[in-house]
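Both ligands and their constituent atoms are indexed starting at 1 by order of listing.
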Amino acid sequence: MKEIKLIGVNGSIRKDSYNRLLLQNIGFLLPDNVKMEIIEIKDVPIYNPDDENKLPTIVRDYKEKIRKSDAVIIATPEYNFSFPGILKNALDWFTRPPNDNVLQHKIAGIVSASSGMLGGSRAQYQLRQVLLYSEMDVLSKPEIFISFADKKFSPEGRIIDETSLGLINAFISNLVNKINKI
Ligand SMILES: Cc1cc2nc3c(=O)[nH]c(=O)nc-3n(C[C@H](O)[C@H](O)[C@H](O)COP(=O)(O)O)c2cc1C
């Protein structure tokens, strides 16, 4: 079977982030031929158009990883009914300069975890809108909203909720099928 490379982008920089745990749990459930590397956006500088032609090293490295990947999984918290500014900042870099937008036509999956009852759904829909402009090819279903995230993980960070695990397995399967179709 073909080797598949995924990049997981963690939209939270919090030490005990549920979204990082969510990405890690997706990693545990991947088939043997699929590998995921999680990238952290904490040290990505603030986007400045003046630096577009001399990209910061971390941005160049992350863009290269995304370019070489088969798909990207973005995990986002919900901040004030949207996704965090630090995630928007990283996505802005990844799309620039316009002739080197590494998100363009790249397959993507979006997932979210939130302590709230809607599981980050509002953040996801805003993120989908932003990814329309960058022309990412975003998986539609199933949608992964891990609500009440503080109750869905074991103390060791494993997802303990069977419904969530079932949806994540379906998400992985649909994402891999989408990758294999191209
Ligand atoms: C500034 C801020 C705004 C937030 N706004 C929302 C919100 O609008 N909806 C929601 O469900 N949770 C909201 N939360 C709760 C976060 O979704 C929750 O802290 C989540 O665990 C963050 O993701 P993380 O664990 O990956 O860091 C907010 C948290 C912060 C810090």
Side-chain angles (χ1 to χ4, degrees), residues 6-30 34-47 58-59 61-63 65-66 69 71-95 103 106-134 136 138-172 174-175:
L6 304 178
I7 292 295
V9 179
N10 178 22
S12 168
I13 61 172
R14 198 169 72 85
K15 183 165 61 65
D16 297 321
S17 160
Y18 293 120
N19 284 282
R20 184 179 302 109
L21 289 181
L22 174 54
L23 281 175
Q24 288 168 351
N25 276 267
I26 291 172
F28 299 146
L29 296 167
L30 293 174
V34 185
K35 305 279 179 269
M36 177 166 61
E37 181 186 352
I38 298 174
I39 62 176
E40 299 285 346
I41 57 177
K42 181 167 70 70
D43 297 322
V44 173
I46 299 283
Y47 169 76
I58 187 170
V59 172
D61 289 353
Y62 283 177
K63 285 184 71 178
K65 285 179 192 290
I66 292 170
S69 72
V72 174
I73 301 180
I74 303 174
T76 183
E78 184 166 296
Y79 280 6
N80 297 315
F81 283 13
S82 184
F83 59 94
I86 194 157
L87 176 57
K88 178 68 162 52
N89 181 62
L91 295 173
D92 286 342
W93 275 119
F94 298 159
T95 61
L103 303 187
K106 183 67 68 181
I107 291 176
I110 305 175
V111 297
S112 59
S114 154
S115 45
M117 68 185 265
L118 296 184
S121 53
R122 290 163 294 215
Q124 282 203 30
Y125 291 127
Q126 293 211 352
L127 182 55
R128 271 180 195 276
Q129 181 184 335
V130 167
L131 298 181
L132 268 180
Y133 181 76
S134 45
M136 280 198 112
V138 184
L139 187 73
S140 304
K141 285 184 183 169
E143 297 177 303
I144 306 292
F145 307 127
I146 307 297
S147 56
F148 304 119
D150 47 326
K151 298 185 177 58
K152 300 281 171 66
F153 294 89
S154 70
E156 297 75 35
R158 303 296 288 240
I159 293 184
I160 48 175
D161 175 58
E162 289 300 326
T163 306
S164 301
L165 286 170
L167 285 167
I168 291 170
N169 275 318
F171 171 88
I172 292 169
N174 286 6
L175 190 68

Legend entry - Set of residues that line ligand 1, where lining means a heavy atom lies under 4.0 Å from it: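 Lining ligand 1 at under 4.0 Å, by heavy atoms, one finds S12, R14, S17, Y18, N19, P77, E78, Y79, N80, F81, S114, S115, G116, R122.
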Any side-chain heavy atom of [X] within less than 4.5 Å of one from [Y]?
X	Y	result
L29	L165	yes
V130	F83	yes
I146	D161	no

Inset, instruction - Could you tell me whether K88 and D92 have a side-chain N and a carboxylate O separated by less than 4.0 Å? - result: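 Here K88 pairs with D92 in a salt bridge, since their nearest N and O are under 4.0 Å apart.
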Inset, instruction - Using the six-membered ring wherever Trp is involved, compare the ring planes of Y18 and F153 and label them parallel, tilted or perpendicular (cut-offs 30° and 60°). - result: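 The arrangement is parallel - the two ring planes meet at less than 30°.
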Inset, instruction - Please confirm whether the backbone N or O of N174 pairs with a side-chain atom of K141, one donor and one acceptor, at under 3.5 Å? - result: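 No, the answer is negative, given that no donor and acceptor are paired below the 3.5 Å cut-off.
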